[in-house]
Amino acid sequence: MYKAVEESIRKALRHHIRERYKTDVPVVTERPPRLSMGEVASPVCFELAKRLKKPPRALAQEIANGIKPIPGVARIEVAGGGYLNSFFDRAAFFRGACEQAGAKPMAAPPDAPKVVVEHTSINPNKAAHIGHLRNAVLGDTFARLLRHTGRRVEVQNYIDNTGVQVADVVLGFLHLEPKTPGEIRALAAEPKFDYLCWDLYTRVTQWLAGDPTRLTLRAQVLKDIEEDHGSAAMMAEVVSTAIVRCHLVTLDRLGISFDLLLRESEILRLKFWDTAFALLKQHGAIQLVSSGKNVGCWVMQLPQEAVKPAGAEEAAEEEPSELAEAKIIVRSNGTVTYVGKDIAYHLWKFGLLGRDFHYRPFHTHLDGREAWTTASEPPAESAGTPPSFGRAHEVYNVIDARQAYPQQVVAAGLRALGHAREADRLKHFSYNVVALTPRCAAELGYDIPPEDAKKAHIEVSGRKGQGVKADDLIDRLEASARQEVTERHPELAGTFEGHRTADAISKGALRYFLLRYTRSTVIAFDFEDALSFEGETGPYVQYAVVRVNGILRKGAEKDPAFEQAESANQARLERGEIDVAKYLASPGGDDIWELALLAGSLGGRVDVAVSAQEPAFLARYAFELAQAFNIFYHKHHILSETDAERRTFLLRLTALVRQQLVAALGLLGISAPEKM
RNA sequence: GCGCCCGUAGCUCAGCUGGAUAGAGCGUCUGGCUACGAACCAGAAGGCCGGGAGUUCGAAUCUCUCCGGGCGCGCCA
């Protein structure tokens, strides 16, 4: 509702200025610092003053006097050196906000341009850790935001089941813990197989470091896996599939789901790379190197300006043979690099490869969504008809900031093949890593060099087996939430509702914790912060909803007459028979108005969060609204309000706040329990 | 060396398409549960927005420069 009024103010100002002063100035608007200055302010007269060589304040006065009434705006005032401050029609805003909150968000038509969001993409060789969760939660939340704004969204999870990391675990099962594929299959069916592989992977890393000649063993295993040959390939299939299932179970605990798990093995087996390779050669996008250190490789020469802004020419002249920005796509032994496979994948994502996978259903998420996976053979008829995957109009890749360079290479590859528009629609949804505070690292028993102990955060090595495992963290959160719930509601201990409540709280705490930081911030993880249920946290927001639940429940329980009279009054309110303006009027109604205004701002905040690709903005909004409600709650007692019409109004406002809080939490992937 | 990100209250972070008195959470101190749930609220203390220069009517925000930190520049992914 806020954005609608704001937009009509902008439009009216633009129109009026054009008519009266025959000039077009960009009309910017902002929230004034205090409510007494209105709801929307525009400093447009400062800019206009420059062009017309007139004092800004006089211009502002002229405009305020001359402009036609704007729908939703009660009046316009001049303030400061020349601000135009608009004051909303508060009652109209409140009615509009209630109406909009009740409306269902539009769903995308089936033929709408598709947005593909790729996220999570964890190497399927060990348990998921906290860093993976940041990726998954960011991607999942962003997908929810996109859907909410009416876009058709497909969520993909890339499974690198033929890479070095899987090869390392296979190496472990071949040489450190010798197992047959059958034995591995049995192990993989046990719980916590991902934990077992976590430890094995660490040992393999040490084992490889102990004797560099063992790297040739790894190279052989990797080749076998890539070529789908021998027992190593079978083991890789068993291990990676089992680990993917572990990951999905972990992610289901946080309400994260996928439409498609796209496996690298199918890119290889269906020869997608061969098609992409031919295209790249045909367009001259890659060259075979005939001399120098990269001899025998196929490389992509990045346009300088794509990577470097300017001023790099001298360096290139000094060493013309260096070709520093050449990226190897095919190794001299003929195998393709990760970036090469990624180019093939992205050609397919945009529907530019002219090929498609086979598909089979793989996993039913807790929310009922079916995740499909790729297959190299057509599945049996009984598998059902897969949805149409790929053919994206726009792609968001949720990938950490360290991989910015390979992402640029993929875009450059598309561009070199003549797909400049698709390259522009390929967005790297970049975020920074999750590190540990030195205290947390010490708590986990890692050796911290003294020079690191002073740092704000330290990155830990997954290869060394360091890091906070996702399931461990969720377990701790659940235990802690269960304890809190049991303390407050002993009757819920051990019940299904008690379990579900603790589940919602722990999920809310963790998802909010990972979402409250903007993407570029390195999260310094600490159990104390992550386990907190107070202050700027998910449970704080959930608690506000629970409070509303309590009020509405108590109101109904109070006495039968109350509910009857109340619902009659609510109907009168809907029909506009109750004058709400006087409850919102300044100055007495200012604090209530502030809450109503914020409650009516959800849509605008979602739009900003989507265009900035910043889910943290919505997390902040949810917190602000919860906080505003808590302040209101302490100031105004609702159920004991003696003026029946005013009570009806306060109850409607409370219900509106609940609708918006539930909606905002839902977009963050968090649910609010009835009690907590 | 080149490129990207960051430096704001004791701590962790918002604010950065320039705009009015720079905000929040945590922590500290002081208050508030016999009225709808205290996972809450009220109040206090706490800031040369890393330093310097520039652009501007106006800079935490834009430009340059320096200082301090993180990351990337692999025939790994």
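Keep in mind it's a predicted model, so treat the numbers as computed, not measured. Letters A, B, ... are given to chains in the order of the sequence lines, protein chains preceding strands, and every chain is numbered from 1.
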- Task: Would you please classify the geometry between the A/Tyr158 ring and the A/Tyr345 ring as parallel, tilted or perpendicular, with 30° and 60° separating the classes?
- Result: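 If you compare the ring of A/Tyr345 with that of A/Tyr158, the planes turn out parallel.
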
Could you tell me whether the side chain of [X] has a donor or acceptor atom within less than 3.5 Å of a complementary atom in the base of [N]?
X	N	result
A/Asn85	B/rA20	yes
A/Arg488	B/rA39	yes
A/Ser520	B/rC5	no
A/His457	B/rG69	no

Quick one: which of [options] gets closest to the side chain of [X]?
X	options	result
A/Ile631	B/rA42, B/rG15, B/rA20	B/rA42
A/Phe46	B/rC57, B/rA35, B/rC75	B/rC57
A/Ser640	B/rC76, B/rA39, B/rA35	B/rA35
A/Asn294	B/rC75, B/rC36, B/rC40	B/rC75
A/Asn630	B/rA24, B/rC41, B/rC75	B/rC41
A/Glu30	B/rC75, B/rA39, B/rA20	B/rA20

Name the pairing partner of [N], where a pair is Watson-Crick or G-U wobble with both distances under 3.5 Å, or state none.
N	result
B/rA14	none
B/rG19	B/rC57
B/rC29	B/rG43
B/rC2	B/rG72
B/rA77	none
B/rG7	B/rC67
B/rC49	none

Remember a base hit wins even if backbone is also touched, and classify [X] as base, sugar-phosphate or nothing at under 4.0 Å, heavy atoms.
X	result
A/Val546	base
A/His636	base
A/Ala616	nothing
A/Glu459	sugar-phosphate

Taking atom [atom1] in both [N] and [M], compute the distance separating them and give it to the nearest angstrom.
N	M	atom1	value
B/rC62	B/rG46	P	29 Å
B/rA60	B/rA53	P	14 Å
B/rC6	B/rC48	P	22 Å
B/rA9	B/rA22	C1'	11 Å
B/rG3	B/rU65	P	10 Å
B/rG69	B/rG23	C1'	25 Å
B/rU61	B/rG54	C1'	15 Å
B/rA59	B/rA20	P	11 Å

Within the pair [X] and [N], is there a side-chain N or O less than 4.0 Å away from OP1 or OP2?
X	N	result
A/Gln627	B/rG25	yes
A/Lys554	B/rG37	yes
A/Arg402	B/rC73	no
A/Tyr338	B/rA77	no
A/Tyr540	B/rC41	yes
A/Arg519	B/rC13	no

Using atom [atom1] of [X] as one end and atom [atom2] of [N] as the other, report the distance to the nearest whole Å.
X	N	atom1	atom2	answer
A/Tyr517	B/rA24	OH	C1'	13 Å
A/Arg547	B/rC40	CZ	P	8 Å
A/Leu288	B/rC75	CG	C1'	13 Å
A/Lys50	B/rG18	NZ	C1'	10 Å
A/Tyr633	B/rG32	OH	P	18 Å
A/Asp591	B/rA42	CG	P	12 Å
A/Glu624	B/rA24	CD	C1'	9 Å
A/Ile267	B/rA77	CD1	P	13 Å

Minimum heavy-atom separation for [X] to [Y], with atom names?
X	Y	answer
A/Arg647	A/Ile638	CG-O, 3.4 Å
A/Leu661	A/Ala622	CD2-O, 3.7 Å
A/Ile592	A/Leu650	CD1-CD2, 4.0 Å

- Message: I want to confirm an ordering. Mapping A/Thr337 and A/Pro43 to their closest nucleotides on RNA chain B, which one lands closer to the 5' end?
- Response: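 Result of the comparison: A/Pro43.
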
- Message: Need to verify one output field. Residue with the more 5' nearest nucleotide on RNA chain B, A/Glu614 or A/Ser532?
- Response: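 Between the two, 5'-proximity favours A/Glu614.
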
Can a donor-acceptor pair be found, under 3.5 Å and without considering hydrogens, that links the side chain of [X] to the backbone of [Y]?
X	Y	answer
A/His346	A/Lys341	no
A/Ser506	A/Ala502	yes
A/Arg519	A/Pro615	no

- Using the rule for Phe, Tyr, His and the six-membered ring of Trp, do A/Tyr83 and B/rA20 stack at under 5.5 Å and under 30°?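 Yes, the aromatic ring of A/Tyr83 stacks with the base.
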
- Message: With the six-membered base ring of B/rA35 as reference, does the ring of A/His637 sit under 5.5 Å away with planes under 30° apart?
- Response: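 Aromatic stack with B/rA35 present for A/His637.
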
- Message: Rounded to the nearest 0.5 Å, what separates atom CG in A/Leu288 from atom CG in A/Asn294?
- Response: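 Going from the CG atom of A/Leu288 to the CG atom of A/Asn294 covers 11.0 Å.
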
- Query: Passes salt bridge (charged side-chain N to carboxylate O under 4.0 Å, His left out), A/Glu443 versus A/Arg439? Steps please.
  - Reply: CA-CA 6 Å; A/Glu443 189 184 330; A/Arg439 186 180 60 176; 5.5 Å; no

- Message: Between A/Ser601 and A/Arg605, is there a side-chain donor-acceptor contact under 3.5 Å, judged purely by atom types and distance?
- Response: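 There is no such pair between these side chains.
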
